[in-house]
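Have a look at the structure below before the remarks.
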Amino acid sequence: MCYTKWGGIILTVPQHPWLWSQADNHAHHVRRYVKQNLMIKLEQAGFKVIKVTSFVSFLLPLMLISRLNNRSKLKDYDPTSELKISGSLNFFLEKVLDIERWLIKLGFSFPLGGSLLVIAYKK
């Protein structure tokens, strides 16, 4: 049996179009994806999805509040405002994301989050 080379991809993309904000413009995002639409695009490109999960799930409520708050300040928008937090708060939020990463490694998949993680291969 002859096998061709395999290729793999680990992809992270912003999720949920309703989260679009000035922060996405500043990050040069083109779109925020809906999970099903991204899966269709990957399958059409010949990829077999192994794992898909949302991440930044536990922090999604904070992200939503921040985005809604900044929508009212379009003229005075500071693209670094979401990054201006104290060291102790940053440490706490990082630990929250550590727990989320640990759960994903254990096989848990989150239905909602600020971003999508996809692992796929192509024959």
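For clarity, every value in this text was computed on a predicted model and none was experimentally measured. Numbers here are sequence positions counted from 1.
Atom CG of Leu117 sits about 7.0 Å away from atom OG1 of Thr12, to the nearest 0.5 Å. The OG atom of Ser21 sits 9.5 Å away from atom NE2 of His29, with the distance rounded to the nearest 0.5 Å. The CG atom of Leu59 sits 11.5 Å away from the OG atom of Ser66 when rounded to the nearest 0.5 Å. Between the CD1 atom of Ile65 and the CE atom of Met63 there is a distance of 12.5 Å, given to the nearest 0.5 Å. The NZ atom of Lys48 sits 14.0 Å away from the CD1 atom of Ile119 when rounded to the nearest 0.5 Å.
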Check against side chain to side chain donor-acceptor pair (under 3.5 Å), Lys35 and Ser54: CA-CA 9 Å; Lys35 177 182 169 183; Ser54 296; over 6 Å; no
Working for side chain to side chain contact (heavy atoms under 4.5 Å, CB included), residues Lys51 and Ser109: CA-CA 9 Å; Lys51 172 83 175 172; Ser109 290; 3.1 Å; yes
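Members clustered with Tyr33: Ile9, Leu11, Val13, Leu38, Met39, Leu42, Phe47, Val49, Val52, Leu116, Val118, by chain and number, using a 4.5 Å side-chain heavy-atom cutoff among hydrophobic residues. Residue Phe91 shares its hydrophobic cluster (ILVMFWY side chains chained together at separations under 4.5 Å) with no other residue.
Of the possible polar contacts, none joining the Arg32 side chain to the Pro17 backbone as a donor-acceptor pair under 3.5 Å is found. Side-chain atoms of Ser115 never come within 3.5 Å of backbone atoms of Pro14 as a donor-acceptor pair (strictly under, hydrogens ignored). Remark: the backbone N or O of Val34 is not paired with any side-chain donor or acceptor of Asn37 at under 3.5 angstrom. Without hydrogens or angle criteria, His16 side chain to Gly114 main chain gives no donor-acceptor distance under 3.5 Å.
Among all heavy-atom pairs drawn from Leu19 and Gln15, the shortest one is CD1-O, 3.8 Å.
Relative orientation of the Phe110 and Phe108 rings is perpendicular, given thresholds of 30° and 60° on the angle between their planes.
Linking Ile, Leu, Val, Met, Phe, Trp and Tyr whenever their side-chain heavy atoms come within less than 4.5 Å puts Leu97 and Ile10 in one cluster.
Listed by first then second residue, pairs satisfying side-chain hydrogen bond (donor to acceptor under 3.5 Å, both in side chains) with a partner in residues 88-103 read Ser86-Ser88, Lys95-Asp98, Asp98-Arg101, not counting sequence neighbours.
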